Each structure stands twice: as C-alpha cells, then as structure tokens.
Amino acid sequence: MSYFSRLALAPAVAVALSVSAFAAQAQESVTWRVQSHWPQSSSSYADSLEYLRDTLDERTGGRLKLELHPAGGLFGADEIFNAVRRGVIQMGTISPAYAMGEMETAGIAFGLPAAFENEWEAQYFFKTLGFEDMVREDAAQHGIYYSTDKVFTNELVLTSRPETPEDFRGLTLRSSGTLQNYLTDAGAAVSAIPGSELYQALSSGVVDGAHWGAVQGALSMSLYEVAKYHVRPPLSVGGIDAFIINQEAIDALPEDVQQILYNTLDQQFWRRTNEYIFGEQRALARAQAEHDVEVVDLPQEVRDQMLQAAQVSWQRERDRGERAAAAMDMLEEFLADLGRAPASAEESDAAE
C-alpha cells in the first residue's frame, strides 16, 4: 500500500479505534440504584448524597454512576437495609437506627446519650480507636459494606419549653434509634415518624418535639416554622447517617473503581463531619435571625432524670451481644482516659 493510501486510511482507522475505546468504556459503565432515607428537602441529600454521586462520576470517568431515589422512592426507610442485603438495590443511605434489629452495634453507632460531648471525640472513637471497623464487621455478616457519612449531634427542637419534670413527661416526641428508648425511659411519650411526615406532625400537634440531626437538619426541614425552641446540650453525638452497599456489587467493579469508591467514602467522612460542624454555627445564626429560634436548656431535675435513663440505655446496648459488649468496653475505657466516668458510674456516684 502506498504512502498516500495509508494516509487516506488513517482517519478511518482513528475513528474505528475511538469507537472501540468508547464501546469498551461504555461496557465498563455501571449504574447503581440508591435508595436514601433522606427526603430531597434534607440538607444531607444534596450535601452528602448528590455530592458523592457527582464525585464518583468524575473520579471514575463515568464508569460508576449513582441513580438516586429520595425517601420513600423505592423503599421505606426501614426496608433499605434488607433491600441492599438482597441485592434488589446496590446501595442505600440509612440511619443505623433502622438496622438495630440486624446489627448489634447499630445503636452504639447511632450515638449513646451521656457519652461524647463533641464531634472530635466521636471521630477519634470511630476512626482511630477502630469502632467503625467493628460496625463494618457487623454489617459484613449480611453481605453489606458500611461507611459512616459523618458524625454529628442529635438535638431536640420543641414547640414549647418545659419548665418542670411534669412538663417534660407531658411531651410527645419524635425519635429513633437508641434515643427513642432513652427518651421513653426519661418519661416522655415517644413515637417514630418518617422524616417526610415530620413537619406535618409538628405543625398539627401530633408531636411536641423532634430531633432530625441538629440545627441544619431542622432548618432544612422547615421545623423552626413551628418549633422555636432548640435544646442544648445535645442528646447524643454519633454516626447518625451511613452509606450501605451490597458487597457483591462492589466486588463486581474493576479493582481501580473499587479503590476509588473506598477512598471517596473515607474522604467523605472527614469532609462532611468538618463541614457539618461549621454549618451548624452558620445555620443557628440564620435560624435565630429568620425564625426567632431560642436555644434553651432543660430543667436540672429533667437532666438528672435523663442521666438515669442514659444508664439504662447503656446497659441495653451492652446486652445486645459480644461485639456490642466489646464496643462498650472500648467506649468506657476511652471516656476514662478523658477523665469522665460512664453514665452507669455517674448514676452510682449520684445514688451514693
């Protein structure tokens, strides 16, 4: 073949190679269905889930795509864990509160009352001391990879301010996870209401208060329109949101895409935790300016009652199994290193 014939053929060869490369890339592209427990109005839907979708799409060159479904889109919040376990969907976001029947460490992951005082303590416990590894081992028994989205506080918003223990016992609160039993033990009437129904429940008086994360969660869900009192200190600090992924779906990915996924999820934890801490201060200033939100504390008698209820919660979580007991031992040792007694010891000291 002459030089000019080869030259004339070159564009056709280039096109053919480009088509082949495109076809190969298209074959490698995988789309996962993702069911979230977050309503689309929740701040975490955009800041956590949509951000993760876009980041994975960019870092994998489009080889891993996430098809997102907001709360209730395909499954209810309490059905997501089993849907991911069975492989009906490849991925979900949950609160560990929805997996307490399947994972004995889920309640501790959600956050225990009277444990951490701020976010850095929870970060250290989860990542440096290795508690998240315990949770992952727990989830792996169900064929699920578990990754904490962020650690942050659970804080109550109320439609009225309780002045006495009797006032507190007269409240009906929306709660979930370990805090649902804790608030019940503290004397309040507690019910579990999906996030998508929370505003209506508060505005209609079905409940008098609720926790949906802390300030950012309440603000994004418009809760301050009907509940002006924000209670601090927090009920708990924990890994209140998490990603769960079917392990077989991960194993089916090319190795480099798997590594990108794992690295991105790990980075997500640090980015979102730090971002959330800053966002809380900004959101509180906005809530106070736009909705006249008042930060309040509960009466001392109520706090004493809640400390006693915390002891019951701690023992309940310890009794869930060997892995939970080991996690509780690690938590109590950590708090001792910080110079703080666990809830059970504090109650014993108070009794004396």
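What you see is a predicted model; the values in this text were computed from it and never measured.
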Any residue meeting side-chain contact (heavy atoms from CB on, under 4.5 Å) with Thr105, in chain and number order, not counting sequence neighbours
Met103, Phe131, Val135, Asp138, Arg323

Find the distance between [atom1] ([X]) and [atom2] ([Y]) and round it off to the nearest 0.5 Å.
X: Arg271; Y: Ser48; atom1: CZ; atom2: OG; answer: 6.5 Å
X: Met221; Y: Trp38; atom1: CE; atom2: CH2; answer: 12.5 Å
X: Glu132; Y: Lys127; atom1: CD; atom2: NZ; answer: 3.5 Å
X: Leu173; Y: His211; atom1: CG; atom2: NE2; answer: 8.0 Å
X: Leu331; Y: Phe125; atom1: CG; atom2: CZ; answer: 4.5 Å

Test item: side-chain donor near acceptor, [X] and [Y], under 3.5 Å:
X: Asp304; Y: Gln300; result: yes
X: Gln216; Y: Arg282; result: no
X: Gln267; Y: Asn263; result: no

The side chain to side chain contact (heavy atoms under 4.5 Å, CB included) partner of Ile80 among Val84, Asn82, Asp78 is Val84

Does the side chain of [X] reach to within under 4.5 Å of the side chain of [Y], using non-hydrogen atoms?
X: Val295; Y: Tyr229; answer: no
X: Leu235; Y: Pro113; answer: no
X: Phe243; Y: Leu261; answer: no
X: Leu52; Y: Leu265; answer: yes
X: Val237; Y: Glu117; answer: no
X: Thr153; Y: Ile240; answer: no

I would like to know whether His37 and Asp241 meet side-chain contact (heavy atoms from CB on, under 4.5 Å); could you show each step before the answer?
CA-CA 9 Å; His37 70 302; Asp241 295 317; 2.9 Å; yes

A cation-pi test, strictly: NZ or CZ of Arg340 under 6.0 Å from the centre of the six-membered ring of Phe116 and no more than 45 degrees from its axis. Yes or no?
no

Does Tyr145 have any ring pair (Phe, Tyr, Trp, His ring centres under 6.0 Å) partners at least two apart in sequence or in another chain, and if so, which?
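With sequence neighbours excluded, Tyr145 shows a ring pair (Phe, Tyr, Trp, His ring centres under 6.0 Å) to Tyr262, given in chain and number order.
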
Name all residues meeting the salt bridge (charged side-chain N to carboxylate O under 4.0 Å, His left out) criterion together with Glu294; count only those two or more places apart in sequence or in a different chain, and write none if there are none.
Arg161

Can you pull out every side chain to side chain donor-acceptor pair (under 3.5 Å) where at least one residue sits in residues 180-196? Sequence neighbours excluded, please.
Asp185-Arg316

Any idea which heavy atoms bring Arg232 and Asp297 closest together, and the distance?
O-OD1, 3.3 Å

Restricting to non-hydrogen atoms, name the atom on Phe126 and the atom on Ala109 that form the minimum distance, rounded to 0.1 Å.
CZ-O, 3.5 Å

Got a sec, which pairs hit ring-ring contact (aromatic ring centres under 6.0 Å, His included) with one end in residues 274-312, sequence neighbours left out?
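Checked against ring-ring contact (aromatic ring centres under 6.0 Å, His included) - neighbours excluded - the pairs reaching residues 274-312 are Phe152-Tyr276.
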
Counting only pairs under 3.5 Å, give me each side-chain donor-acceptor contact of residues 65-75, with atom names and distances, residues two or more places apart or in other chains.
from, atom 1, to, atom 2, distance (Å)
Lys65, NZ, Asp57, OD1, 2.8
Glu67, OE2, His69, NE2, 2.8

